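Report on one structure; see the data block that follows.
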Amino acid sequence: MAIHIALVLALIETLALSAALLAWARQVEGARLLSVFLLGVALWIVGNELPNWAGIRTAPWAMALLASVPLTSAAFMHFCALFTGWRPGPRVLSAIYGLAAAAVLLSLNRSPGEFRHFPAFTGLEWVVVPNRTGWTTSLVWAGLATGGLLLLARGFWRSRSATKRRQIAAVAVSCGWGLMCISGFGFAALGIAQYPWQVLAFPAYPVILVYGILRYRVFMANVWARRALAWALLTGLGLLAVPLSLLLPVESRWVTAAVVAAVCLSLGGPARRLAERIVYPGGTPTAEDLHRWRGTLSAADSLEQLAQEAAALLSARMGLAVQVRVEDGGPAIDPQAPALRCHRAADADWRTVLQGFEQAPPGPQHLAELFGTVLADAAAQVERAAAAGQRERERQTQARLAELGALAATVAHDVRNPLNIIAMAAAFSAPDTRQEIQAQIARISRLADDLLDYARPWQIRPEPMDLSAWLRDTLRHLPDVERGPGLGVPIPLTADPARLDQAVTNLLANARSAAAGRRVHIDAERTAAGVQVHVCDDGPGVPADLRDRLFQPFASRSPGGTGLGLPIVARTMAAHGGSVALTERPPWSTCFTLTFPDPA
C-alpha cells in the first residue's frame with residue numbers, strides 16, 4: 001500500500017510541476033522539454049500502476065504507456081543539452097529521437113515484458129518484469145539518460161558561473177535520487193526477493209529536480225519552498241509535542257490540543273526562520289560583508305563593470321541569480337526575475353530599486369536593500385572618479401596644446417626665414433631642381449601652418465545654415481566629386497562655416513589624393529545619431545596599422561600629407577559636440593563620417 005501512495009503522490013507532483021514549468025518557460029532554458037520529461041515520468045507511473053488500479057486486463061494499455069520511456073529519456077537528454085548551453089544540430093537531434101522512436105516501435109510491436117505477482121513486493125499486486133525486448137529498450141533509454149548526465153558533467157566542467165554550476169549540480173543530484181528510487185523495480189526484474197524501500201522516496205524526485213533548476217531562476221519557487229518547509233517543520237514539531245501531552249497528570253483532549261497549539265505557536269517563529277535560512281542561505285550581513293562589498297565595488301572602473309561586480313557579489317551572497325543594472329550598464333533585466341536597478345534620481349543622487357523581491361521574506365529583502373545602498377554609493381563614487389579623470393585628461397590636453405603652441409610658433413618663425421632664403425637661392429637653379437625645391441618648401445610651409453592651427457587655442461562661431469546648399473556651393477569648383485542624393489534636400493544645421501570648410505576640405509583632399517583619379521563621393525543625411533556628412537573614395541583603403549591612430553597627430557595615409565589634417569578635423573568636430581569616424585559604406589573602400597548633434 002505504501003508504494004501505491006508514494007507513486008500516486010509522485011504522479012500528482014509531476015503533473016503539477018509540469019504545469020508550473022510551462023508557466024515559467026520563458027525564465028528557464030529548455031523548460032518545455034523538462035515539462036515533457038515530467039509528463040513522461042507521469043506516463044511511466046500510470047503504466048506501472050494501471051493493472052493495480054483497473055485490473056490485469058489493462059496490461060496491454062499499461063505496456064503501451066511503458067513503451068514511451070525511451071522518448072522520455074530523449075527529451076531529458078535534449079533538455080540537458082539546452083540547459084548546459086549546447087545547441088545540438090538537426091542531425092544530432094534526429095539521431096537521438098530516431099533511436100528513441102525505434103525503441104518505442106519495437107516495444108509496441110513486441111511486448112517488452114509481462115505483469116507478474118512478486119511476493120517480496122508486499123502490497124503490490126502486479127509488477128512488470130521485462131523480457132529480451134524490454135531489456136533492449138531499457139538499454140536504449142538508459143543510454144540516452146546517461147548521455148544527458150554526460151552533458152551535465154561537461155557543462156559543469158566548462159561553466160565559469162558559480163550559479164550555473166550549482167544548477168547543474170542540483171539536476172545531477174536529482175537524477176541520482178531518481179535512479180536510486182526506480183532501482184527498486186529492478187529487484188523484480190532481477191528476481192531479488194527484497195522489498196523496494198527506495199521507491200517510497202520517489203515523490204521527492206520531481207520536487208528536487210524542478211526546485212534544483214528554479215532555485216536560482218525564479219524567486220516564487222523559493223517562496224513556495226520556504227512555506228512548504230516551514231509547514232513541514234511545524235507539523236513535525238506538532239507530532240513531537242503529542243507525546244509530551246501524555247506526561248500531563250490530567251488526561252484531556254482539550255489540554256492535549258492546547259499543549260500542541262502552544263508548542264506550534266511558540267516554535268512557529270523559529271521554524272519559519274530556520275526554513276528561510278535553508279531556502280535563502282546567507283543570513284544577516286555582517287560588518288565584514290559591508291567592508292568587502294564596498295572594497296570590491298569601489299574598484300570598478302565603469303558603471304558596466306560595477307553592474308557585473310554587483311551581480312556576482314549579491315548572487316553569491318544570496319545563493320540566487322540576481323540581476324543588476326546601473327543606468328545603461330549591464331545586460332537587459334528580465335522583468336519577472338529578482339533584480340536591482342541603480343539609477344540617478346531627479347535630485348542627482350543615486351538610488352537603488354528592488355525588483356521581484358515582493359514575495360521574498362524580510363531577511364532577503366533587508367539584505368538586498370542594504371546591498372542596494374552600498375551599490376548606490378559605489379555608483380556615485382565611480383561617476384565622480386570618471387568625471388575627475390575626464391577633467392584631468394582635459395587639463396593635461398590643454399597643457400600639452402599650450403606647450404605645443406608655443407613650440408610651434410617658435411618653430412614656424414625660425415623655419416620660415418630660412419625657407420625664404422632657400423627659395424630665393426633656388427630661383428637661379430635649373431628648372432627641375434627649382435620646381436622640386438619649391439614643392440618641398442610648400443610642404444614645409446603647410447606643415448608649419450597646420451602645426452600652428454592645431455596647437456593654438458581657438459573657438460568656433462556657429463551659425464544657422466543649410467548644410468546641403470553649403471556643400472553644393474563648396475563643390476562648385478570640384479566637378480570630379482560625386483554628389484549623393486542627400487545634397488538635394490535641405491538639411492538645417494548650426495555650425496561654424498569656416499571650421500566646417502576646413503574639415504570638409506581636409507577630407508576631400510585626402511580622398512582625392514588616395515583615390516588617384518578614381519571616384520570620390522560626398523553625401524549628407526539626417527539619422528537617429530544626428531546630421532552626418534560622408535566623404536568616401538574607392539582608393540586602396542586605410543592600412544590596418546593606421547586605423548587605430550588615424551586621428552592622432554602625424555599619422556597620415558598620404559605620402560605628401562602633414563599628418564595633422566585628420567586631428568584638426570577631429571578637434572573641429574569635438575568643438576561642435578560631434579565626432580568623426582572611419583565607417584563602412586559599401587561599395588566605397590574608405591569613408592569618413594562627420595556627425596553633428598541634431599539641431600531639432
Side-chain angles (χ1 to χ4, degrees), residues 408 412 439 441-484 486-487 491 493-525 530-539 541-542 546 550-583 585 588-596:
I441 290 175
R443 181 181 178 187
I444 296 174
S445 296
R446 287 197 308 271
L447 176 60
D449 291 339
D450 286 349
L451 190 59
L452 279 172
D453 189 36
Y454 180 74
R456 72 163 62 101
W458 47 268
Q459 294 180 345
I460 62 171
R461 296 178 176 83
E463 60 184 57
M465 61 188 301
D466 181 353
L467 178 62
S468 299
W470 184 89
L471 286 173
R472 290 196 303 268
D473 185 65
T474 302
L475 298 172
R476 281 186 299 109
H477 303 295
L478 298 174
D480 57 319
V481 177
E482 299 179 10
R483 279 77 163 170
L487 302 190
I491 301 179
L493 180 67
T494 301
D496 185 333
R499 287 297 178 181
L500 179 59
D501 179 73
Q502 183 182 29
V504 172
T505 300
N506 276 342
L507 292 180
L508 285 173
N510 286 348
R512 297 175 74 194
S513 174
R518 300 177 186 173
R519 298 167 61 200
V520 177
H521 176 85
I522 187 170
D523 199 0
E525 62 178 337
V531 175
Q532 295 186 329
V533 178
H534 309 286
V535 179
C536 309
D537 65 72
D538 61 353
V542 179
L546 276 180
L550 265 178
F551 302 103
Q552 297 177 7
F554 307 113
S556 174
R557 65 175 182 143
S558 174
T562 64
L564 289 171
L566 288 178
I568 291 174
V569 173
R571 247 193 112 182
T572 299
M573 296 308 299
H576 283 84
S579 63
V580 58
L582 178 65
T583 56
R585 289 179 66 83
W588 307 102
S589 58
T590 305
C591 191
F592 287 92
T593 297
L594 305 176
T595 302
F596 296 87

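FYI, side chains are in, hydrogens and waters are out, and symmetry mates aren't considered; it's all heavy atoms of this structure. Values in this document were obtained by computation on a predicted structure and should not be read as measured data.
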Seminar exercise, completed: Value for CE (M573) from CZ (F551), rounded to nearest 0.5 Å, stands at 10.5 Å

For this session: Identify whether the distance between the nearest side-chain nitrogen and carboxylate oxygen of E463 and R499 falls below 4.0 Å.
Result: no

Problem set entry | Over all atoms of both residues, closest heavy-atom pair of P497 and W470 | O-CZ2, 3.8 Å

Exercise. For the residue pair V535 and A511, what are the closest heavy atoms and their distance?
Worked result: CG1-CB, 4.2 Å

Seminar exercise, completed: CG of L487 to OG of S468, rounded to nearest 0.5 Å, is 5.5 Å

For this session: Give the intermediate values and the outcome of side chain to side chain contact (heavy atoms under 4.5 Å, CB included) for residues V504 and L594.
Result: CA-CA 9 Å; V504 172; L594 305 176; 4.2 Å; yes

For this session: Output yes when a side-chain donor or acceptor of S579 lies under 3.5 Å from a complementary backbone atom of A574, and no otherwise.
Result: no

Exercise. For the atom pair CG (D537) and CZ (F592), what is the distance rounded to the nearest 0.5 Å?
Worked result: 8.5 Å

Problem set entry | Candidate pair I522 and E482, rule side chain to side chain contact (heavy atoms under 4.5 Å, CB included), full reasoning | CA-CA 6 Å; I522 187 170; E482 299 179 10; over 6 Å; no

Exercise. Out of V533, L566, T593, which one pairs with L507 under the side-chain contact (heavy atoms from CB on, under 4.5 Å) rule?
Worked result: L566

Exercise. To the nearest 0.5 Å, what is the distance between CG (L508) and OG (S513)?
Worked result: 12.0 Å

Problem set entry | Contact summary for L550 and V542, nearest pair of heavy atoms | CD1-CG1, 3.9 Å

Exercise. With a 4.5 Å limit on heavy-atom distance, are the side chains of H521 and R483 in contact?
Worked result: no

Exercise. Can you name the closest pair of heavy atoms from A524 and L471 and give their distance?
Worked result: CB-CD1, 4.0 Å

Exercise. In Å, rounded to the nearest 0.5 Å, how long is the span from OG1 of T583 to CH2 of W588?
Worked result: 12.5 Å

For this session: Would you mind checking if R512 and D480 are paired as a salt bridge, meaning a charged N to carboxylate O distance below 4.0 Å?
Result: yes

For this session: Answer yes if the side chains of T595 and Q532 hold a donor-acceptor pair under 3.5 Å, and no otherwise.
Result: yes

Exercise. Roughly how far, to the nearest 0.5 Å, is the OG1 atom of T505 from the CG atom of L500?
Worked result: 8.5 Å

Problem set entry | Polar side-chain atom of D523 near backbone of H534 as donor-acceptor pair, under 3.5 Å | no

Exercise. Between T494 and P462, what is the shortest heavy-atom contact and its length?
Worked result: CG2-CB, 3.8 Å

For this session: Could you tell me which residues satisfy salt bridge (charged side-chain N to carboxylate O under 4.0 Å, His left out) with D501, sequence neighbours excluded, listed by chain and number?
Result: none

For this session: Would you check if the side chain of D538 reaches a backbone N or O of S589 as a donor-acceptor pair within less than 3.5 Å?
Result: no

Exercise. Can you name the salt bridge (charged side-chain N to carboxylate O under 4.0 Å, His left out) partners of R461, sequence neighbours left out?
Worked result: none

